[in-house]
Amino acid sequence: DQQVKQNSPSLSVQEGRISILNCDYTNSMFDYFLWYKKYPAEGPTFLISISSIKDKNEDGRFTVFLNKSAKHLSLHIVPSQPGDSAVYFCAAAAAGNKLTFGGGTRVLVKP
Amino acid sequence: KAGVTQTPRYLIKTRGQQVTLSCSPISGHRSVSWYQQTPGQGLQFLFEYFSETQRNKGNFPGRFSGRQFSNSRSEMNVSTLELGDSALYLCASSLQTPPRDTQYFGPGTRLTVL
C-alpha cells in the first residue's frame, strides 16, 4: 500500500519556466513533509520541508504548497534551470519520525 | 566536514550469501537511517539507529538487520540473499531526530545479487 504517491514519473520543462511537481498521500497522520533531489550516483539532497501547520513554505526558487484537505503537496521551481534536472522525491512523516517516500519524478530542464 | 561515507560502493553477491554494508555518519551526528532504493519501489525505510539503539524499523523481513557502534558508525547486514535484494542501499545521518533534523545521505552501496 503506497501511502505517498508521485503520479508523474517524468516532467520536461523549458529553462526559465515553472516546474510543478505533485505528490499525494493517504495517511492523515502525516504531519511533516519534505522534498529531496537526487542526481545519478549521488545520495538524495534535502531541498525543502513543510509542517502541517503551514500551507506554504518558500526557499529561494523553491516553494512547497500543502493542501491538507486534499492530502496533496506540490513543489514549484521558478525559474527552472538546467542544473535542476534530477529525480525529485517527496516524503512524509508522522509522529515517530519514520519517513515514507514517493516513487520519484524525473525532471528534465531543456536549455 | 566530511559527508556521509558508505563502503563498499559496489558489491556483487550470489543468492544465499550474506552481506554487510558500512556507513560512517557526519562527525557529531548521532542518528543513522538506512533505506533501500529500487526502480519500482522508490526509497523504502529499513531502520534508524540513535545512540546504538534501534529507534524505528520498516517493513522488511528479519533477514535485514543492523547495528550502530559507540562512534555512531553503522552496519547493516542482509542474510540469505535473494534476487529481489538487488538495490541501492542508502544511509543517512542527522544530528538528532530525523526528519525534523535534516538527514544527509551518503552515495549508497549498489548491491547486485546473481
Side-chain angles (χ1 to χ4, degrees), chain A residues 1-10 21-27 29-54 57 59 62 64 66 73 86-106, chain B residues 2-10 21 23-26 29-51 53-60 66 87-110:
Chain A
D1 172 35
Q2 271 193 300
Q3 297 188 64
V4 179
K5 272 188 181 177
Q6 294 175 253
N7 290 316
S8 298
S10 64
L21 291 79
N22 294 303
C23 181
D24 296 299
Y25 62 96
T26 57
N27 189 341
M29 299 301 292
F30 288 147
D31 63 357
Y32 196 72
F33 304 88
L34 308 92
W35 285 93
Y36 283 85
K37 177 166 81 171
K38 187 179 185 301
Y39 293 119
E42 293 182 16
T45 305
F46 169 76
L47 261 181
I48 192 168
S49 63
I50 188 167
S51 163
S52 61
I53 61 172
K54 291 185 170 183
N57 189 26
D59 184 1
F62 301 93
V64 56
L66 175 62
L73 69 155
V87 178
Y88 290 78
F89 293 96
C90 68
N97 304 311
K98 189 173 82 171
L99 265 183
T100 302
F101 281 83
T105 297
R106 184 177 302 277
Chain B
V4 178
T5 57
Q6 292 187 245
T7 56
R9 292 293 309 277
Y10 302 91
L21 312 182
C23 172
S24 292
I26 292 172
H29 285 196
R30 296 170 66 188
S31 169
V32 173
S33 300
W34 289 89
Y35 296 86
Q36 181 195 65
Q37 185 186 5
T38 55
Q41 299 290 324
L43 274 84
Q44 291 188 284
F45 173 78
L46 280 154
F47 25 66
E48 186 228 338
Y49 287 87
F50 183 87
S51 292
T53 301
Q54 187 180 87
R55 197 159 58 171
N56 261 310
K57 190 176 190 311
N59 298 325
F60 279 81
L88 180 68
Y89 290 88
L90 291 158
C91 160
S93 76
S94 62
L95 207 53
Q96 293 284 340
T97 309
R100 283 154 179 83
D101 278 335
T102 301
Q103 287 188 300
Y104 297 86
F105 282 81
T109 295
R110 170 78 59 188

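When reading the values below, keep in mind they use all heavy atoms of this one structure, side chains included, and skip hydrogens, waters and symmetry mates. We name chains A, B, ... by the order of the sequence lines, and we start the count at 1 in each one.
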Of all pairs that satisfy side-chain hydrogen bond (donor to acceptor under 3.5 Å, both in side chains), the ones with a partner from residues 37-46 of chain A, not counting sequence neighbours: Lys37(A)-Tyr39(A)

Quick check for you: among Gly103(A), Pro44(A), Pro9(A), which has the greatest number of heavy-atom pairs under 4.5 Å with chain B? Pro44(A)

Determine the minimum heavy-atom distance between Ala41(A) and Pro107(B), stating which atoms define it. O-CB, 4.2 Å

If one checks every heavy atom of Arg9(B) against chain A at 4.5 Å, the contacting part turns out to be side chain

Taking the ring of Phe46(A) and the ring of Phe105(B), is the distance between their centroids below 6.0 Å? no

Are more than 12 heavy atoms, taken from residues, nucleotides or ligands other than Phe30(A), located less than 6.0 Å from that residue's CZ atom? yes

If you take all heavy atoms of Gln103(B) and Leu99(A), which pair is closest and at what distance? OE1-CD1, 3.2 Å

Heavy-atom distance under 4.5 Å to chain A: side chain of Leu43(B), backbone, both or neither? both

Can you tell me how far the CZ atom of Phe101(A) sits from the OH atom of Tyr35(B), to the nearest 0.5 Å? 5.0 Å

Under a 4.5 Å cut-off applied to non-hydrogen side-chain atoms, are Phe89(A) and Gln37(B) in contact? yes

Lys54(A), NZ atom: more than 12 neighbouring heavy atoms under 6.0 Å: no

